[in-house]
Amino acid sequence: MPKILVVEDEKTIADIVAFNLSRENYEVEVAYDGMEGCKKALRPDIDLILLDVMLPGMDGFEICKRVREQSEVPIIMLTAREEEADKVFGLEIGADDYITKPFSMRELTARIRANLRRQSGSEPKVAESDLRVGKFEIFFDAHIVRKDGVALDLTAREFDLIRFLCENAGRVISREELMQKVWGYEYYGDLRAVDVAIRRLREKLEDDPASPRYILTKRGVGYVMSL
Ligand code: CA
């Protein structure tokens, strides 16, 4: 049973979310402030974190950064509607997703399921790669991408993104299609998440992220993995 940590100082929201998630058969932990949230977020038994931004003690961004130094556990940021810039910032520092308050439980559980599915779980294995594009080798089950034989340190989302790009190497893919295929659900049109994810991915795999050679931009169309 996946264990979900809810970090939210608004007790009513936290308790409603916790109640509904336990009805969906998740184990739920709740933290009502930033310090407690950060401590619990670093526990290895947590499978996914729902993380509010504005928290007493330590804000959600700081918690997200600290967690990312140690683990790739899926993080969904809970942002207020007016905090538009927060969404992109959250993704920049390593959150996997965000959901805007107020949200429905149905929407939230759909996001949780999608993000848990993406989480990598299997051990690395030494075997033939499933796909090779240029310098990149991809191992589907192990969720590993190697460049020149060296494994890249990728989040689950970044893995899905590079895998999809490589499976379609040479074809220009629109941001809309990437959003649909990689994120796996309708994103209400906020395609900047794709650009942010591509930028982060380039920082990890390009020799010079400022002039990419592998993931190329086709201005006004989308992105293409060079062959
Ligand atoms: Ca709050």
Side-chain angles (χ1 to χ4, degrees), residues 1-119 155-157 179 183-197 199-200:
M1 196 187 301
K3 189 180 273 187
I4 297 176
L5 171 63
V6 182
V7 187
E8 167 64 81
D9 61 314
E10 282 167 72
K11 201 167 179 306
T12 325
I13 298 180
D15 292 348
I16 289 172
V17 167
F19 173 73
N20 280 283
L21 291 181
S22 16
R23 273 203 332 196
E24 298 272 334
N25 285 327
Y26 292 110
E27 269 189 76
V28 187
E29 282 275 341
V30 180
Y32 299 110
D33 69 68
M35 298 308 283
E36 189 196 357
C38 187
K39 213 168 97 189
K40 289 188 171 173
L42 293 169
R43 274 178 20 193
D45 61 325
I46 300 294
D47 297 300
L48 183 141
I49 302 170
L50 297 175
L51 188 53
D52 185 28
V53 175
M54 298 300 286
L55 291 164
M58 183 188 296
D59 72 29
F61 294 136
E62 184 58 32
I63 296 175
C64 181
K65 274 193 256 180
R66 293 194 186 190
V67 171
R68 276 294 167 265
E69 284 166 12
Q70 298 191 23
S71 96
E72 299 296 348
V73 61
I75 298 176
I76 303 178
M77 304 291 297
L78 308 174
T79 62
R81 198 168 290 282
E82 62 269 23
E83 295 160 349
E84 189 68 21
D86 285 358
K87 299 173 183 173
V88 174
F89 185 65
L91 297 171
E92 295 248 18
I93 60 174
D96 297 276
D97 206 349
Y98 59 79
I99 189 164
T100 306
K101 289 194 258 187
F103 47 80
S104 69
M105 277 311 298
R106 221 176 108 190
E107 192 185 357
L108 182 64
T109 49
R111 296 288 179 93
I112 288 173
R113 273 195 297 272
N115 280 279
L116 281 174
R117 262 201 308 275
R118 275 196 292 273
Q119 185 186 21
T155 65
R157 168 75 50 69
M179 183 57 81
W183 275 252
Y185 50 81
E186 296 298 328
Y187 217 79
Y188 311 108
D190 195 349
L191 295 168
R192 285 174 307 173
V194 173
D195 301 325
V196 170
R199 189 158 76 242
R200 287 177 57 86

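All ligand and atom numbering here is 1-based and tracks the order in the structure.
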* Backbone N or O of Glu10 within a donor-acceptor pair of the Glu8 side chain at under 3.5 Å? -> yes

* Asked: Which atoms of the protein, restricted to N, O or S, are nearer than 3.0 Å to the Ca ion (ligand 1)?
  -> Asp9 OD1, Asp52 OD2, Met54 O

* **Sub-4.5 Å side-chain heavy-atom contact between Tyr26 and Val6** => no

* Asked: So which of Arg157, Arg111, Arg68 actually passes salt bridge (Lys or Arg N to Asp or Glu O under 4.0 Å) with Asp96?
  -> Arg68

* Whether over 12 other heavy atoms sit under 6.0 Å from Lys39 NZ -> no

* Asked: What residues form a side chain to side chain donor-acceptor pair (under 3.5 Å) with Glu29, not counting sequence neighbours?
  -> Lys40, Arg43

* Test item: Arg106 side-chain N/O and Thr109 main-chain N/O as donor-acceptor pair under 3.5 Å -> no

